[in-house]
Amino acid sequence: MVFFNWFDLASRKQQTDEISRAIAGEQITIDWHEADKQDKLNSIAERKALAAQKRPELSNEEARQWFDHYEGEAINWLEQCIQWNEQYIIHARNNIVYHQHRQRR
């Protein structure tokens, strides 16, 4: 009986350690995606500012339309990346809640 209790405690400690590592890993994921999301937001702001500066310099309407289209696609791509980051963040937060629930059992 003494061995069984010791084994049970060791097993619970190992499970607690695994859950703590899983939570820490999810937090690292959240931190990385938050930083990447902020980087993409900064890139969008920079592109918009630069586009506002450069667009008037273009010589004709066709060049401006091409420029607007190209910039629009680039900004849409960055916005899509932000949405992907947000999805990863939500998923990681849900995983943390799941692991915390497992830890309480």
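Remember, it's a predicted structure, so these values are computed and weren't measured experimentally.
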Heavy-atom pair of closest approach, residues [X] and [Y]:
{"X": "A63", "Y": "L58", "result": "O-CD1, 3.7 Å"}
{"X": "S59", "Y": "R64", "result": "C-NH1, 4.0 Å"}
{"X": "P56", "Y": "A51", "result": "CD-O, 4.4 Å"}

Starting at [atom1] of [X], measure out to [atom2] of [Y] and round the result to the nearest 0.5 Å.
{"X": "I30", "Y": "N85", "atom1": "CD1", "atom2": "CG", "answer": "12.0 Å"}
{"X": "H101", "Y": "R104", "atom1": "NE2", "atom2": "CZ", "answer": "8.0 Å"}
{"X": "H33", "Y": "I90", "atom1": "NE2", "atom2": "CD1", "answer": "12.0 Å"}
{"X": "W66", "Y": "Y70", "atom1": "CH2", "atom2": "OH", "answer": "6.5 Å"}
{"X": "I89", "Y": "W32", "atom1": "CD1", "atom2": "CH2", "answer": "10.0 Å"}
{"X": "S43", "Y": "L50", "atom1": "OG", "atom2": "CG", "answer": "12.0 Å"}

Strictly by salt bridge (charged side-chain N to carboxylate O under 4.0 Å, His left out), give each pair with a member in residues 68-79 just once, sequence neighbours left out. R47-E71, R55-D68
Here the salt bridge (charged side-chain N to carboxylate O under 4.0 Å, His left out) pairs for residues 30-39, sequence neighbours left out, are E34-R93, D36-K40, K37-E86
Is Y88 reachable from I82 through a run of I, L, V, M, F, W or Y residues, each pair having side-chain heavy atoms under 4.5 Å apart? no
Between L41 and L78, is the side-chain contact (heavy atoms from CB on, under 4.5 Å) condition met? List the steps. CA-CA 8 Å; L41 288 169; L78 291 168; over 6 Å; no
Would you tell me whether Q38 and N42 have side-chain atoms, one donor and one acceptor, within less than 3.5 Å of each other? yes
[X], [atom1]: over 12 other non-hydrogen atoms inside 6.0 angstrom:
{"X": "E62", "atom1": "CD", "result": "no"}
{"X": "W77", "atom1": "CH2", "result": "no"}
{"X": "F67", "atom1": "CZ", "result": "yes"}

With sequence neighbours excluded, what pairs up with Q103 under the side-chain contact (heavy atoms from CB on, under 4.5 Å) test? T16, I19, S20, I23
